[in-house]
Structure formats: C-alpha cells, structure tokens
J.: 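Mind looking over this structure? Questions follow.
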Amino acid sequence: MVIMTMMKMKMKKHHLLSLSLLMLLCYTTTVSAQTPAPSPSSAPTDIIRILKKAGGFTTLIRLLTTTQVSTQINAQLLNSNNGLTLFAPNDNSFQSLKPGFLNSLNDQQKNELIQFHVLPTFVSISNFDTLSNPVRTQAGDDPDRLALNITSSGNQVNLTTGVVNTTVGGSVYSDHQLAIYQVDKVLLPRDFFVPKPPPPAPAPAKAKASSAKTSTDGPASADSHSAATNLKLKIWFSLAVAAAAVFSLSP
C-alpha cells in the first residue's frame with residue numbers, strides 16, 4: 001500500500017514536470033514568433049572605399065575628397081533611385097595632363113571637372129547605345145561648353161568632349177545602382193578652353209534730378225531771355241522812330 005502510494009506520487013510529480021516543460025516550450029515559441037528577426041545590415045555605398053580597393057586612383061580620390069563630390073555622390077546613392085555612373089581616370093591619366101594644369105584650376109573648376117565625369121543615372125556597359133548625345137553630366141547641360149558624346153559598338157564605348165577622345169577601359173565596379181568605368185584620359189570639357197563671352201555692359205547711370213532739371217529748364221530760360229531782349233530792342237526802335245518824326249516836324 002505504501003509502495004503504491006509512493007509510485008502514484010512519483011507519477012504525479014512526473015506529470016507536473018512534463019506539464020511545466022510543455023508550458024515553458026509553448027511560451028518560448030510564442031515569444032520567438034512575436035519577436036521579428038533582425039534584418040541583415042548592408043553598409044551604405046562609399047565611393048572612396050570602392051576606389052581605394054580597386055587601386056590606381058589616388059589623384060581621383062584626392063579630387064573627389066577635396067571638392068566634396070564624394071560626399072555628394074554617397075548622399076545621392078542613398079536618396080535617389082536613378083543611380084550614378086562614374087568615368088574614373090586612373091593615375092596615369094592625370095600624369096599625362098600638361099604639367100601644372102590641375103594647380104591652375106580654382107576650386108569651382110576642379111568641382112566642375114569631377115562632376116563632368118559623373119552621369120546622373122546608372123548605365124550598364126550594354127546600354128550606352130541607348131543614350132542621346134550630347135549626354136548630360138552633373139557638370140551642367142550647356143551643349144557647347146559641357147558636351148560629352150558617347151558612342152558604342154558592342155562592348156567598346158567611345159567618349160569625346162571636343163578636346164579629348166578616349167575609350168572605356170573596363171568596369172571597375174557595378175552593383176546595379178553605381179557603375180564605375182575606368183578611362184585612360186581625363187575628360188576635359190571645352191568650357192576650360194573656349195573663351196568666356198564678355199559680361200554684358202552695365203546700364204547707363206540715371207542722371208541726377210538736379211542735372212535733369214537743369215537740362216530741362218536751361219533752354220526755356222534762354223528762350224525767355226532772348227524774347228525779353230527782342231522786346232526791349234523793339235521798344236527802343238519805336239521810341240527812336242517817334243523822336244525822329246518829332247524833330248522832322250519842328251520849324
């Protein structure tokens with residue numbers, strides 16, 4: 001009897017333990033279902049990091065940094081769905097420039113030079129033939145001074161600015177949002193070499209009120225003085241004629 005009672009107590013404890021484990025398992029499953037799984041984090045695109053990893057773009061990296069165009073590009077990639085395309089001259093391209101050329105540019109011209117290498121949309125290597133010339137760059141859309149013309153045949157892409165002719169040497173990076181292509185020459189816009197039109201001549205200054213009054217009243221005053229003089233002469237002439245008539249009648 002005692003043994004059976006003890007066995008019943010053990011079975012009861014076993015059932016209670018199993019029930020507790022079952023309730024704990026259900027609670028854990030419910031909490032796990034309610035807690036969203038963490039989404040995989042993706043680092044934002046960093047144009048400088050990409051070019052450093054590729055290697056051979058030291059001068060371009062320096063210009064992108066000093067002009068702050070790199071910060072602008074990274075921000076555009078975060079806030080726009082159009083993507084970007086960068087034509088990246090390698091270090092040999094910059095070394096081929098006329099000595100002192102880069103140092104002769106002011107900050108605005110350096111910014112324009114880098115922006116001239118950036119298209120405001122993502123263009124894959126097979127879609128360059130869909131662009132309309134002149135292609136608009138981020139430097140501006142002046143068709144005479146900032147024109148970039150692109151032609152392609154198969155995988156060969158040719159670029160001309162009116163000053164420089166070059167070809168795309170290969171793809172450096174592409175993630176369907178940012179495309180970077182190496183070019184063997186720095187794309188120089190005609191804007192640096194075509195003389196700027198002279199600024200418009202300033203409008204003539206308005207005459208002062210006093211001068212205008214003098215110029216307006218001057219002729220009228222002269223006419224009045226002339227009329228008064230003529231009247232006096234006529235009076236003297238009449239008096240002279242009258243006096244001569246009186247003397248001629250005297251005995």
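None of these values were measured; they are calculated from a predicted model.
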J.: Report the C-alpha separation of Ile180 and Ile50 in whole Å, then their side-chain angles, then the decisive distance to 0.1 Å, and conclude whether the side-chain contact (heavy atoms from CB on, under 4.5 Å) test is met.
T.: CA-CA 9 Å; Ile180 303 177; Ile50 293 171; 3.8 Å; yes
J.: With a sphere of 6.0 Å drawn around CG of Asn79, does it hold more than 12 non-hydrogen atoms of other residues, nucleotides or ligands?
T.: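 Check passes, neighbour count above 12.
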J.: Keeping the roles fixed (side chain from Thr161, backbone from Val164), state whether a donor-acceptor pair exists under 3.5 Å.
T.: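 Checking the backbone N and O of Val164 against the side chain of Thr161, a donor-acceptor pair under 3.5 Å is found.
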J.: Shared ILVMFWY cluster between Ile73 and Ile114, side chains joined below 4.5 angstrom?
T.: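 In one cluster with Ile73: Ile114, yes.
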J.: Can any side-chain N or O of Arg145 pair as donor or acceptor with the backbone N or O of Pro189 at less than 3.5 Å?
T.: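 Not confirmed, Arg145 side chain does not pair with Pro189 backbone.
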J.: Looking at side-chain heavy atoms only, is the closest gap between Val163 and Phe192 below 4.5 Å?
T.: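 No, side chains not in contact.
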J.: Rounded at 0.5 Å granularity, tell me how far OG1 in Thr67 sits from CD in Gln72.
T.: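 Rounded to the nearest 0.5 Å, the OG1-CD separation comes out at 8.5 Å.
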J.: Considering non-hydrogen atoms only, spot the tightest contact between Phe57 and Gln182 and give its length.
T.: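 For Phe57 versus Gln182, the nearest heavy atoms are CZ-OE1, 3.9 Å.
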J.: Any sub-3.5 Å donor-acceptor pair from Asp175's side-chain atoms to Leu178's backbone N or O?
T.: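 Between the backbone of Leu178 and the side chain of Asp175 there is a qualifying donor-acceptor contact (under 3.5 Å).
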J.: Between Asn149, Asn158, Thr160, which is the residue that forms a side-chain hydrogen bond (donor to acceptor under 3.5 Å, both in side chains) with Asn165?
T.: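 So, applying the side-chain hydrogen bond (donor to acceptor under 3.5 Å, both in side chains) to Asn165 and each of Asn149, Asn158, Thr160, only Thr160 qualifies.
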J.: Flag yes if Leu64 and Tyr173 sit in one hydrophobic cluster, no otherwise; membership is Ile, Leu, Val, Met, Phe, Trp, Tyr, and two members link when side-chain heavy atoms are under 4.5 Å apart.
T.: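 Linked within one cluster.
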J.: What is the distance from atom CD of Gln115 to atom CD of Glu112, rounded to the nearest 0.5 Å?
T.: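 One finds 9.0 Å between CD of Gln115 and CD of Glu112.
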J.: Nearest 0.5 Å, what's the CG-CG distance between Leu51 and Asn90?
T.: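 Answer rounded to 0.5 Å: 11.5 Å.
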J.: Does any non-hydrogen side-chain atom of Ser96 lie less than 4.5 Å from one of Lys185?
T.: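 The answer is no, as the side chains (C-beta and beyond) never meet within the 4.5 Å cut-off.
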J.: Can you find a pair of side-chain heavy atoms, one from Asn82 and one from Gln76, that are under 4.5 Å apart?
T.: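 Counting from C-beta outward, Asn82 and Gln76 never come under 4.5 Å.
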J.: Pro120 and Leu84: which non-hydrogen atoms are nearest, and at how many Å?
T.: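 Minimum heavy-atom separation between Pro120 and Leu84: CA-CD2, 3.7 Å.
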J.: Got a donor-acceptor contact below 3.5 angstrom from the Thr85 side chain to the Thr121 backbone?
T.: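 Yes.
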J.: Quick check: do Asp46 and Asn74 have side-chain heavy atoms less than 4.5 Å from each other?
T.: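 A side-chain contact under 4.5 Å exists here.
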J.: Could you identify which residues cluster with Phe116, counting Ile, Leu, Val, Met, Phe, Trp and Tyr as linked when any side-chain heavy atoms lie under 4.5 Å apart, either directly or through a chain of such contacts?
T.: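 Under the 4.5 Å side-chain rule, Phe116 groups with Phe87, Leu119, Val123, Ile125, Phe128, Leu131, Val135, Leu146, Leu148, Ile150, Val157, Leu159, Val168, Tyr181, Val183, Leu187.
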J.: Would you say the side-chain atoms of Asp91 pair up with the backbone N or O of Thr58, donor to acceptor, closer than 3.5 Å?
T.: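 Checking the backbone N and O of Thr58 against the side chain of Asp91, a donor-acceptor pair under 3.5 Å is found.
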J.: Side chains of Leu86 and His117: does their closest heavy-atom pair fall under 4.5 Å?
T.: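 Side-chain contact under 4.5 Å: yes.
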J.: Side chains of Leu63 and Val69: does their closest heavy-atom pair fall under 4.5 Å?
T.: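 With C-beta onward as the side chain, the pair stays apart.
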J.: How far apart are the closest heavy atoms of Ala54 and Val172, and which atoms are they?
T.: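 Shortest heavy-atom contact: CB-CG1, 3.6 Å.
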J.: Show the nearest heavy-atom pair for residues Ser174 and Ser171, with the distance to one decimal.
T.: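 Ser174 and Ser171 have their closest heavy atoms at CB-OG, 4.4 Å.
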J.: Atom OG1 in Thr71, atom CD1 in Ile47: separation rounded to 0.5 Å?
T.: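 It is 11.5 Å, given to the nearest 0.5 Å.
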J.: Once rounded to the nearest 0.5 Å, what's the spacing between atom CG of Asn81 and atom CD of Gln177?
T.: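 Those atoms lie 8.0 Å apart.
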J.: Mind running side-chain hydrogen bond (donor to acceptor under 3.5 Å, both in side chains) on Asn127 and Thr130 for me, showing each step along the way?
T.: CA-CA 6 Å; Asn127 286 338; Thr130 64; 5.1 Å; no
J.: Working to the nearest 0.5 angstrom, can you tell me the gap between Leu102 CG and Ser104 OG?
T.: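 Atom-to-atom, Leu102:CG and Ser104:OG are 7.5 Å apart.
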